[in-house]
Amino acid sequence: MSLTGKHIVLGVTGGIAAYKAAYVARELLARGAEVRVAMTHTATKLIGPLTFTGLTGKPPVVDLWDPSYPGEVHVDLARWADAIVIAPTTANVIARLAHGLAEDPVSATVLCFDGPVLVAPAMHHRMWQHAATRANVATNEARGLAFVGPVFGKLASGEEGVGRMSEPLAIVDALEGLLAKRSSARDLEGRRVLVSAGPTHEALDPVRFLGNRSSGRMGWAIAERARDRGATVTIVAGPVSLVDPGGVEVVRVRSALEMEAAITSRREDADAIVMAAAVADFRPRALATEKIKKSEGEDAPSIELVRNPDILAGLGQWRLGRARARPFLVGFAVETTDLVAAAQKKLAKKKVDLVVANHASVAFEGDDNEAVLVREASVTPTGRLSKRALADRILDVLRDGTAREDPGAPKS
Ligand code: CTP
């Protein structure tokens, strides 16, 4: 458990998303952390302090001036904490943090604390966009506070926009990432990692294509974590609606053939290639130059397909002719039955080092995943975990597989 023994103060402030703070607390505990909760007065109107007492075993701090407390509660909390996460964080509290106000247990504790602070904002999208909030966020970031979200979605007002709090799992992942970064876990420093992500679109005519449901999020998670761990990262992405991660080169392609060309031209430079893309196995034989029209009384047209190249198998084949078993190759397998057997078959057939096998029911969309890591000599089920956590498990294998060789050692 990655947060084992860590002391985490969970600050809860007065947004409707406060009810989700209970899930954040539960997730922190599930990953081995000790949790103490501090709440603003408004937060206590939105979720009962007793909920947190039940979850964490300790009553939350709701009053800076509790006469029964012998010392200064915010000072003690800040001394105890390894990290503070505030979820949800209102525009008001972001403003307090920016201005050093300390009128509630959450902002007073932050003001006493010099370790990592993670802020998960939740508010109406116009409040988030307001120049005052923008300036306050910039001030907080410049002072080293980290932000996760807000994300696009339905807001309490019924409107949609960027203002919704990140999901609890994503918040705890971000906290883990923050702590890992601070403990300078840059164990992929110097490695060059090439990641493919998303679906491919195989065009039928100027307006239609054959595609699949891949969101690209698994590839994104691998790329972001590899970057956080010090690697130089390139993503070759099919059509996905994800924002380019900072500090990562992103090459956008559409079809399997374009993806193959983009990967082939970069394969020499890579220490590892992770094929997380859901590459279409087939494409229409012909691409109509004009939009295909239906005409009265005519049967539906049939589409003739041809095979696309298997990019991963091509990489495996190419590597056979190299002096060293580089780059390290990782493939994915999405299956509906016989997960492990199918992955082992793919590992051997495509001549790769690791196949990450998952069940079709959990592979697409969503933030969670559950996989089996299949290598030539081992089969490791991961259990249910977030895509980021799975990314870390894959990168652990990749790190060990790309460990720098002793320059004096004979090359394999
Ligand atoms: N892959 C690829 N090129 C393709 C198809 C797949 O590089 N044309 C890669 C994927 O990125 C993935 C792995 O191969 O890492 C496994 O893909 P999968 O979807 O299981 O498809 P197939 O290998 O084609 O197997 P199946 O017959 O089960 O569809």
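Positions are given from 1 along the sequence. The model shown is predicted, which means the values in this text are computed figures rather than measured ones.
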Any donor and acceptor pair, going by atom type alone, linking the side chain of D205 with main-chain N or O of I292 inside 3.5 Å? yes
Can you tell me if E202 and T200 form a side-chain donor-acceptor pair at under 3.5 Å? yes
Taking the basic N atoms (NZ, or NE/NH1/NH2) and the acidic carboxylate oxygens, is any pair closer than 4.0 Å for D396 and R229? yes
Min side-chain heavy-atom separation N358-V372 under 4.5 Å: no
So, applying side-chain contact (heavy atoms from CB on, under 4.5 Å) with R36, which one of T56, L77, I8 is it? L77
Does a donor on one side chain sit under 3.5 Å from an acceptor on the other, for Y69 and D63? no
Start with the C-alpha gap between V61 and V37, add the side-chain angles, then the distance that decides, and say whether side-chain contact (heavy atoms from CB on, under 4.5 Å) holds. CA-CA 6 Å; V61 177; V37 177; over 6 Å; no
Checking side-chain polar atoms at under 3.5 Å, does H124 have a donor or acceptor matched by the opposite partner on E159? yes
Criterion side-chain contact (heavy atoms from CB on, under 4.5 Å) on M39 and I47, from CA distance to verdict: CA-CA 10 Å; M39 302 175 77; I47 180 165; 3.8 Å; yes
Nearest heavy-atom neighbours spanning A87 and A21: O-CB, 3.3 Å
Any donor-acceptor pair under 3.5 Å linking the side chain of T53 with the backbone of P49? yes
Nearest heavy-atom pair of A237 and M259: which atoms, and what distance? C-CE, 4.3 Å
Atom pair OH/CE of Y19 and M165 - distance to nearest 0.5 Å: 8.0 Å
Within-4.5 Å side-chain heavy-atom neighbours: I222 and L395: yes
Considering only heavy atoms from C-beta outward, does the side chain of I311 approach that of S196 to under 4.5 Å? no
OG1 of T109 to CH2 of W80: how many Å apart, nearest 0.5 Å? 11.5 Å
Roughly how far apart are R283 CZ and I303 CD1, rounded to 0.5 Å? 14.5 Å
I'd like to check V330 versus I273 (side-chain heavy atoms, cut-off strictly below 4.5 Å). Are they in contact? no
Do T51 side-chain atoms and G48 backbone N/O form a donor-acceptor pair below 3.5 Å? yes
Between N140 (side chain) and I94 (backbone), is there a donor-acceptor pair under 3.5 Å? yes
Give a yes or no on this: more than 12 heavy atoms of other residues, nucleotides or ligands lie within 6.0 Å of atom CZ of F147. yes
Looking at R26, I'd like to know if its CZ atom is crowded, meaning that more than 12 non-hydrogen atoms belonging to other residues, nucleotides or ligands lie closer than 6.0 Å. no
How far apart are the closest heavy atoms of L312 and G331, and which atoms are they? CD2-CA, 3.4 Å
Would you call E27 and R31 a salt bridge, using N to O less than 4.0 angstrom? yes
Return yes if some donor-acceptor pair links the side-chain N/O of D187 with the main-chain N/O of R399 below 3.5 Å, else return no. no
side-chain contact (heavy atoms from CB on, under 4.5 Å) between V193 and T232, worked out: CA-CA 6 Å; V193 179; T232 303; over 6 Å; no
When you check the gap from the basic side-chain N to the acidic O, do R227 and E224 get nearer than 4.0 Å? no
Of the non-hydrogen atoms in V106 and A38, which two are nearest, and what is the gap between them? CG2-O, 3.5 Å
From the list E249, R192, R266, side chain to side chain donor-acceptor pair (under 3.5 Å) partner of T234 resolves to E249
Indicate whether the side chain of T402 and that of R191 have a donor and an acceptor atom separated by less than 3.5 Å. yes
From I16 atom CD1 to R164 atom CZ, the distance as rounded to the nearest 0.5 Å: 12.5 Å
Check the side chains of S107 and D104 for a donor-acceptor pair under 3.5 angstrom, ignoring hydrogens and angles. yes
Does the pair N212 and S214 meet the rule for a side-chain hydrogen bond (donor to acceptor under 3.5 Å, both in side chains), with working shown? CA-CA 6 Å; N212 62 66; S214 169; 4.5 Å; no
Should V75 and R79 be marked as a side-chain contact (heavy atoms from CB on, under 4.5 Å) after you check the CA-CA gap, both sets of side-chain angles, and the distance that decides it? CA-CA 6 Å; V75 179; R79 196 176 291 134; 3.4 Å; yes
Taking C-beta and beyond as the side chain, do V73 and P105 meet within less than 4.5 Å on heavy atoms? no
Do other residues, nucleotides or ligands put more than 12 heavy atoms under 6.0 Å from the CG atom of D338? no
Under 4.0 Å between a Lys/Arg side-chain N and an Asp/Glu carboxylate O for R322 and E268? yes
To the nearest 0.5 Å, what is the distance between CZ (R126) and OG1 (T133)? 12.5 Å
Is the side chain of E176 donor-acceptor paired with the backbone N or O of V172 at a distance under 3.5 Å, no angle test? no
Counting C-beta onward and ignoring hydrogens, is there a side-chain heavy-atom pair between L118 and I84 closer than 4.5 Å? no
Do the side chain of W220 and the main chain of V243 share a donor and acceptor less than 3.5 angstrom apart? yes
Distance to the ring centre below 6.0 angstrom and angle to the axis at most 45 degrees; does that hold for R134 and W128? yes
Examine distances only and state if a side-chain atom of N308 and a backbone atom of A280 form a donor-acceptor pair shorter than 3.5 Å. yes
Donor-acceptor side-chain pairing of T90 and N92 below 3.5 angstrom: no
If we only count heavy atoms from C-beta on, is the L169 to Y23 side-chain gap below 4.5 Å? no
For the residue pair R375 and D353, what are the closest heavy atoms and their distance? NE-O, 3.1 Å
Checking R326 side chain against A272 main chain: does a donor-acceptor pair fall under 3.5 Å? no
Are the side chain of D82 and the backbone N or O of K6 linked by a donor-acceptor pair below 3.5 Å? no
Are K20 and E167 close enough that some pair of their side-chain heavy atoms sits under 4.5 Å apart? yes
Would you mind checking if K350 and D310 are paired as a salt bridge, meaning a charged N to carboxylate O distance below 4.0 Å? yes
If you measure from OG1 on T40 to NZ on K45, what distance do you get to the nearest 0.5 Å? 9.5 Å
Decide, yes or no, whether a salt bridge links K294 with D299 under the criterion of side-chain N to carboxylate O below 4.0 Å. no
Under the salt bridge (Lys or Arg N to Asp or Glu O under 4.0 Å) rule, what do R225 and D392 come out as? Steps first, then yes or no, please. CA-CA 7 Å; R225 289 301 301 139; D392 271 325; 2.9 Å; yes
I171 versus V148, closest heavy-atom pair with distance: CG1-CG1, 4.1 Å
